[in-house]
A.B. asks: 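Right, I'll just put the structure down here and ask away after.
Just so you know, ligand 1 is whichever comes first in the structure, and atom 1 is the first atom listed for that ligand.
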Amino acid sequence: MSAPTLSTREADLQEHFAATIAADRRIEPRDWMPEGYRKTLVRQIAQHAHSEIIGMQPEGDWLLAAPSLRRKAVLLAKVQDEAGHGLYLYAAAETLGADRADLTDKLIEGRQKYSSIFNYPTLTYADVGVIGWLVDGAAICNQVPLCRSSYGPYARAMIRVCKEESFHQRQGYELLLTMMGGTDEQRAMVQDAVDRWWWPSLMMFGPPDADSPNSAQSMAWGIKRHGNDELRQRFVDMSVPQAEVLGVTLPDPDLHWDSEAGHWRFGPIDWEHFRQVLAGDGPCNAERIARRRAARDDNAWVTEAATAFASRHGG
Ligand code: FAQ
């Protein structure tokens with residue numbers, strides 16, 4: 001029997017990859033994968049990891065001003081969880097051959113993205129609650145399906161992330177319920193925060209499917225399981241009844257129940273604003289990146305010392 005030629009071997013590998021995806025099994029780091037699949041994963045996982053790390057900033061701003069010891073302990077745990085999520089995700093990206101320091105440099109140099117949602121300021125403590133309720137709520141809608149993503153290390157990381165996101169969502173909602181049971185001023189703070197975070201939360205799901213260059217291929221590869229519009233609709237359907245229980249008004253005059261479709265229909269999203277935020281012109285883009293840059297630069301000595309220690313001790 002003659003040895004397989006290079007092209008036969010490549011055809012076999014491609015077939016094996018396609019069969020694994022078709023059978024809904026997981027692709028693992030040792031498996032052959034198309035270059036486009038690897039690149040798409042590195043892009044999405046890196047953007048996701050960067051979002052978790054940058055996402056520590058808006059709530060982290062309230063750690064020293066939390067209104068009670070209990071609130072402070074809860075918030076500290078949440079912000080630390082986000083750091084952990086970033087670590088799982090960078091580790092998943094490393095299984096694809098990416099280098100974490102290089103990914104961080106790309107973020108800081110504006111060559112990789114992070115979620116648009118973290119470019120808004122947290123003006124009052126109600127913002128902490130609304131981030132938990134809406135931002136973590138949107139993150140759950142988007143990320144639970146990623147637990148079934150076709151790339152094994154990403155899917156497994158998402159299982160743990162999603163468990164923690166559920167706690168984040170509940171702590172936010174509980175905080176808001178408490179504030180809504182307080183004074184008129186507290187209720188007004190909650191409403192104001194909802195007004196500011198509602199539309200940016202809808203934008204977290206990405207552009208409409210028709211304008212999403214990556215969705216079709218990512219879904220064919222099983223990286224994403226649903227389109228951006230479907231997940232956004234799920235989030236709206238989930239949030240409207242929660243807003244009613246809370247006693248807040250969602251800032252959308254077009255919001256109405258479509259009984260035929262069984263969905264809450266919402267008004268037009270300002271995609272021009274979304275594009276501006278992605279281009280770096282959101283309210284806090286410059287501040288977020290400046291802080292990330294300072295964290296990298298100010299702590300470089302720790303990395304250098306740890307690397308030197310590891311190389312001396314055979315690590
Ligand atoms: N912000 O073709 P698509 C969290 C980019 S974690 C910025 O639809 P795709 C937890 C997109 O990358 C939140 N950029 O792209 C937490 C692409 O860019 P490129 C992060 C966005 O990948 C809570 C271009 O637009 N979650 O919240 C956004 O198929 C509280 C075209 O878009 C994840 O990353 C956006 N919103 O779908 C932490 C989840 N949307 O590179 C702290 C995983 C799109 O082609 C506190 N990621 N872009 O130029 C995903 O599910 C997907 O990547 C999507 C985008 C759905 C975000």
A.B. asks: In terms of atom number and element, which parts of ligand 1 are under 4.0 angstrom from non-hydrogen atoms of G55?
C.D. replies: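 Ligand 1 atoms under the 4.0 Å threshold to G55: 42 (C), 46 (C).
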A.B. asks: Under 4.0 angstrom from ligand 1, any heavy atom of K78?
C.D. replies: yes
A.B. asks: Among all protein heavy atoms in this structure, tell me which lies nearest to atom 41 (O) of ligand 1, with the distance rounded to 0.1 Å.
C.D. replies: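 Checked against all protein heavy atoms, atom 41 (O) of ligand 1 sits closest to R43 CD, 3.1 Å.
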A.B. asks: At under 4.0 Å between heavy atoms, which part of F274 makes contact with ligand 1: side chain, backbone, both or neither?
C.D. replies: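 Within the 4.0 Å criterion, F274 contacts ligand 1 through side-chain atoms alone.
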A.B. asks: Any donor-acceptor pair under 3.5 Å linking the side-chain atoms of E165 with those of H168?
C.D. replies: yes
A.B. asks: For atom 23 (C) of ligand 1, what is the nearest protein heavy atom, given as residue, atom name and distance?
C.D. replies: D136 OD1, 3.3 Å
A.B. asks: Using a 4.0 Å heavy-atom threshold (strictly under), name the region of I117 that reaches ligand 1: side chain, backbone, both or neither.
C.D. replies: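 Neither; no heavy atom under 4.0 Å.
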A.B. asks: Which residue and atom name correspond to the protein heavy atom nearest atom 31 (C) of ligand 1, and how close is it?
C.D. replies: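 Protein heavy atom at minimum distance: P213 CD, 3.7 Å.
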A.B. asks: Tell me the contacting part of M56 for ligand 1: side chain, backbone, both, or neither, using a 4.0 Å heavy-atom threshold, strictly below.
C.D. replies: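 None of M56 does.
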A.B. asks: Who pairs with R170 by side-chain hydrogen bond (donor to acceptor under 3.5 Å, both in side chains), at least two apart in sequence or on another chain?
C.D. replies: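 Listed in chain order: nothing, the list is empty.
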A.B. asks: Measure across A138 and F235 and return the closest heavy-atom pair with its distance rounded to 0.1 Å.
C.D. replies: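 Scanning both residues completely, I find the closest heavy atoms to be N-CE1, 3.4 Å.
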A.B. asks: Nearest protein heavy atom to atom 39 (C) of ligand 1, by residue and atom, and its distance?
C.D. replies: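 Scanning the protein heavy atoms, the shortest distance from atom 39 (C) of ligand 1 goes to N142 OD1, 3.0 Å.
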A.B. asks: Under 4.5 Å between side-chain heavy atoms, hopping through other hydrophobics if needed: is there a path connecting M180 to W198?
C.D. replies: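 The answer is yes; both residues are in one hydrophobic cluster.
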A.B. asks: Can you tell me which residue and heavy atom of the protein come closest to atom 19 (P) of ligand 1, and the distance to 0.1 Å?
C.D. replies: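 Its nearest protein heavy-atom neighbour is K113 NZ, 3.3 Å.
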A.B. asks: If I take atom CD from residue Q233 and atom CZ from residue F266, how far apart are they, to the nearest 0.5 angstrom?
C.D. replies: 5.0 Å
A.B. asks: Which atoms from ligand 1 have a heavy atom of A139 less than 4.0 Å away?
C.D. replies: 4 (C), 27 (O)
A.B. asks: Taking all atoms of both residues into account, what is the closest heavy-atom pair of Q44 and L146, and its distance?
C.D. replies: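 Nearest heavy atoms, Q44 then L146: NE2-CD2, 3.8 Å.
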A.B. asks: Does L278 approach ligand 1 within less than 4.0 angstrom via side chain, backbone, both or neither, non-hydrogen atoms only?
C.D. replies: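 Under 4.0 Å from ligand 1, L278 contributes side-chain atoms alone.
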A.B. asks: Can you tell which part of F205 has a heavy atom less than 4.0 Å from ligand 1: side chain, backbone, both or neither?
C.D. replies: backbone
A.B. asks: Below 3.5 angstrom, do we get any N/O pair linking N228 and ligand 1?
C.D. replies: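 Checking ligand 1 against N228, an N or O pair does fall under 3.5 Å apart.
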A.B. asks: To check your reading of the model: name the closest protein heavy atom to atom 1 (N) of ligand 1, its residue, and the distance in Å.
C.D. replies: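 Answer, as residue, atom name and distance: S116 N, 2.8 Å.
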A.B. asks: Should the pair E174-R70 be classified as a salt bridge under the 4.0 Å nitrogen-to-oxygen rule?
C.D. replies: yes
A.B. asks: Grab the two heavy atoms, one from D195 and one from T249, that are nearest each other, plus how far apart they are.
C.D. replies: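 Smallest heavy-atom distance, with atoms named: OD1-O, 4.0 Å.
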A.B. asks: What atoms of ligand 1 come closer than 4.0 angstrom to any heavy atom of M203?
C.D. replies: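 Here the atoms of ligand 1 in question are 36 (N).
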A.B. asks: Would one find more than 12 heavy atoms of other residues, nucleotides or ligands at under 6.0 Å from atom CZ of R265?
C.D. replies: yes
A.B. asks: Run the numbers for me: atoms of ligand 1, each under 4.0 Å from some heavy atom of Y114, listed by number.
C.D. replies: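 Close to Y114: 1 (N), 7 (C).
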A.B. asks: Of all the atoms in ligand 1, which lie at a distance below 4.0 Å from a heavy atom belonging to Q44?
C.D. replies: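 Answer for ligand 1: 22 (O), 43 (C), 47 (N), 50 (C), 51 (O), 52 (C), 53 (O).
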A.B. asks: Can a protein heavy atom be found under 4.0 Å away from atom 54 (C) of ligand 1?
C.D. replies: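 So atom 54 (C) of ligand 1 lacks protein heavy-atom neighbours under 4.0 Å.
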A.B. asks: If only side-chain N and O atoms count, and only distance matters, is there a donor-acceptor pair under 3.5 Å linking D127 with Y120?
C.D. replies: no
A.B. asks: In terms of heavy-atom contacts, does CD of E15 have more than 12 from other residues, nucleotides or ligands at under 6.0 Å?
C.D. replies: no
A.B. asks: Can you check whether S116 reaches Q276 side chain to side chain, under 4.5 Å on heavy atoms?
C.D. replies: no
A.B. asks: Quick one: look up the protein heavy atom nearest atom 6 (S) of ligand 1 and list residue, atom name and how far away it is.
C.D. replies: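 Going atom by atom, the protein heavy atom closest to atom 6 (S) of ligand 1 ends up being Q143 NE2, 3.6 Å.
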A.B. asks: Find all atoms of ligand 1 within a distance of less than 4.0 Å from any non-hydrogen atom belonging to Y154, and give their numbers and elements.
C.D. replies: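 What qualifies from ligand 1 is 43 (C).
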A.B. asks: With heavy atoms under 4.0 Å as the rule, classify the contact between S212 and ligand 1 as side chain, backbone, both or neither.
C.D. replies: both
A.B. asks: Are L123 and L63 connected in a single hydrophobic cluster, I mean Ile/Leu/Val/Met/Phe/Trp/Tyr linked by side-chain heavy atoms less than 4.5 Å apart?
C.D. replies: no
A.B. asks: Could you tell me whether the side chains of D237 and H263 share a donor-acceptor contact shorter than 3.5 Å?
C.D. replies: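 Judged by distance alone, the side chains do pair up.
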A.B. asks: Checking R26 against Y151: is there a side-chain donor and acceptor pair closer than 3.5 Å?
C.D. replies: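 No, R26 and Y151 have no side-chain donor paired with an acceptor closer than 3.5 Å.
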A.B. asks: For ligand 1, indicate whether the residue H48 contacts it via side chain, backbone, both or neither (heavy-atom separation under 4.0 Å).
C.D. replies: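 For H48, the contact with ligand 1 is made by both the backbone and the side chain.
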A.B. asks: Counting only heavy atoms, which portion of Q112 has something under 4.0 Å from ligand 1: side chain, backbone, both, or neither?
C.D. replies: neither
A.B. asks: Are the side chains of D136 and Y173 in touch, meaning some heavy atoms are under 4.5 Å apart?
C.D. replies: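 When only atoms from C-beta onward are counted, Y173 and D136 do not touch, as no gap falls below 4.5 Å.
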A.B. asks: Return yes when E165 approaches ligand 1 closer than 4.0 angstrom through a heavy atom, no otherwise.
C.D. replies: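 Right, E165 reaches ligand 1.
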A.B. asks: Which ligand 1 atoms are under 4.0 Å away from a heavy-atom of E52?
C.D. replies: 6 (S), 10 (C), 16 (C), 38 (C)
A.B. asks: At what distance is the nearest protein heavy atom to atom 40 (N) of ligand 1, and which residue and atom is it?
C.D. replies: G206 CA, 3.2 Å
A.B. asks: Please work out which of T40, I131, N214 has its closest non-hydrogen atom nearest to atom 45 (O) of ligand 1.
C.D. replies: N214
A.B. asks: Under 4.0 Å from a heavy atom of E59: which atoms of ligand 1 are those, numbered in the order shown and with their elements?
C.D. replies: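 Contacts of ligand 1 toward E59, numbered from 1: 46 (C).
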A.B. asks: Is it true that the side chains of D209 and S212 contain a donor and an acceptor less than 3.5 Å apart?
C.D. replies: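 Checked: D209/S212 side chains show no N/O donor-acceptor pair below 3.5 Å.
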